[in-house]
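Remember, it's a predicted structure, so these values are computed and weren't measured experimentally.
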Amino acid sequence: MKKYQIQSTPFVVPTTDGKLIEEHHGRVATQNEAISIAHMVAPPHWSEPFQTPEFEEYTYIISGKKQFIIEGETLVLEAGQSIRIAENTRVQYSNPFDEVCEYISVCRPAFDFTKVHREE
């Protein structure tokens with residue numbers, strides 16, 4: 001058995017908001033419960049509802065800018081910057097800008113929609 005796994009066919013998560021989510025490793029793509037790694041492209045003026053995930057999330061911005069509202073504090077990250085957000089932290093992700101934002105997201109344990117706790 002090989003001790004590595006090359007991923008060339010990520011799972012494309014169906015969305016209705018124009019955001020591209022390609023899970024390269026994680027619960028769906030590779031049945032990995034421990035960690036997920038996804039390539040994301042958020043269109044201009046995209047946003048998600050507030051959420052309080054049961055997992056930690058790391059984000060690395062490749063291009064553009066992404067806004068985070070974390071426990072009431074607003075931050076904007078630009079290309080080349082990264083952030084770690086602890087589990088059980090109330091956060092909202094958005095791209096209120098006029099350009100696309102491309103980034104990598106890593107969740108530990110792996111992203112699980114039933115544990116994201118989005119507010120409606």
Student: Verify the cluster assignment for I104 and I35: are they in a single hydrophobic cluster under the rule of side-chain heavy atoms below 4.5 Å apart?
Tutor: yes
Student: Does K66 pair with E78 as a salt bridge, N-O distance under 4.0 Å?
Tutor: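 Not counted as a salt bridge, because no side-chain N and carboxylate O are separated by less than 4.0 Å.
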Student: Answer yes or no for K115 and F55: cation-pi contact, defined as NZ/CZ to six-membered ring centre under 6.0 Å and angle to ring axis within 45°.
Tutor: no
Student: Answer yes if I85 and M40 sit in the same cluster of Ile, Leu, Val, Met, Phe, Trp and Tyr residues linked by side chain heavy atoms under 4.5 Å apart, and no otherwise.
Tutor: yes
Student: List the atom of N95, the atom of P43, and the distance in Å for their closest heavy-atom pair.
Tutor: ND2-O, 3.1 Å
Student: Take E87 and E54 through the test side chain to side chain contact (heavy atoms under 4.5 Å, CB included) and record every step on the way to the result.
Tutor: CA-CA 5 Å; E87 63 275 5; E54 294 179 35; 5.6 Å; no
Student: Within the side chain of Q92, is there an N or O that forms a donor-acceptor pair under 3.5 Å with the backbone of E48?
Tutor: yes
Student: Should we count CZ of F113 as having more than 12 external heavy atoms under 6.0 Å?
Tutor: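 Not buried by this count: 12 neighbours or fewer within 6.0 Å.
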Student: When rounded to the nearest 0.5 angstrom, what is the spacing between CZ in R108 and OH in Y58?
Tutor: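 Spacing of CZ (R108) from OH (Y58) equals 5.0 Å.
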Student: Would you give the length of the straight line joining atom CD1 of I61 to atom OG of S105, rounded to the nearest 0.5 angstrom?
Tutor: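 Here the interatomic distance stands at 9.5 Å.
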Student: Do you reckon I37 sits in the same ILVMFWY cluster as I21, going by side-chain contacts under 4.5 Å, direct or chained?
Tutor: no
Student: What are the two closest heavy atoms between P53 and V91, and how far apart are they?
Tutor: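 Heavy atoms only, the tightest pair is CD-CG1, 4.2 Å.
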Student: Do NZ/NE/NH1/NH2 and the carboxylate oxygens of K65 and E99 come within less than 4.0 Å?
Tutor: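 Salt bridge between K65 and E99, a charged N being under 4.0 Å from a carboxylate O: no.
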Student: So, H25 versus Q7: side-chain donor-acceptor pair below 3.5 Å or not?
Tutor: no
Student: Are any of the side-chain heavy atoms of T59 and F68 separated by less than 4.5 Å?
Tutor: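 The answer is yes, as the side chains (C-beta and beyond) meet within the 4.5 Å cut-off.
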Student: Looking at side-chain heavy atoms only, is the closest gap between V12 and L20 below 4.5 Å?
Tutor: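 V12 reaches L20 side chain to side chain.
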Student: Please find the pair of heavy atoms, one from A79 and one from S63, that lie closest to each other, and give the distance.
Tutor: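 Minimum heavy-atom separation between A79 and S63: CB-CA, 3.9 Å.
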Student: In terms of hydrophobic clustering (I, L, V, M, F, W, Y; side-chain heavy atoms under 4.5 Å; direct or indirect links), are I70 and W46 co-clustered?
Tutor: yes
Student: In the single-linkage hydrophobic clustering (I, L, V, M, F, W, Y; side-chain heavy atoms under 4.5 Å), do V13 and F111 co-cluster?
Tutor: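 Shared cluster, no.
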Student: Do the side-chain N and O atoms of T30 and N32 include a donor-acceptor pair separated by under 3.5 angstrom?
Tutor: no
Student: Side chains of V100 and P44, heavy atoms from C-beta outward: is any pair under 4.5 Å?
Tutor: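 Side-chain contact under 4.5 Å: yes.
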Student: Taking atom types as modelled, find out whether H39 and E102 have a side-chain donor-acceptor pair closer than 3.5 angstrom.
Tutor: yes
Student: As an exercise, state the distance from NZ of K19 to SG of C101, rounded to the nearest 0.5 Å.
Tutor: 9.0 Å
Student: Assess the residue pair Q67 and T74 against the criterion (side chain to side chain contact (heavy atoms under 4.5 Å, CB included)); give the C-alpha distance rounded to whole Å, side-chain angles, the decisive distance to 0.1 Å, and a yes or no.
Tutor: CA-CA 7 Å; Q67 179 174 284; T74 302; 3.8 Å; yes
Student: Do the side chains of V76 and F97 get nearer than 4.5 Å, heavy atoms only?
Tutor: yes
Student: Between E71, E119, Q51, which is the residue that forms a side-chain hydrogen bond (donor to acceptor under 3.5 Å, both in side chains) with R90?
Tutor: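 The side-chain hydrogen bond (donor to acceptor under 3.5 Å, both in side chains) with R90 is passed solely by E119 among E71, E119, Q51.
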Student: Can you check side chain to side chain contact (heavy atoms under 4.5 Å, CB included) on E23 and S36, steps first, answer last?
Tutor: CA-CA 7 Å; E23 183 182 85; S36 60; 4.1 Å; yes
Student: We want to know whether E57 and Y93 form a side-chain donor-acceptor pair, criterion being a heavy-atom distance below 3.5 angstrom.
Tutor: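 Result is yes, a qualifying pair exists.
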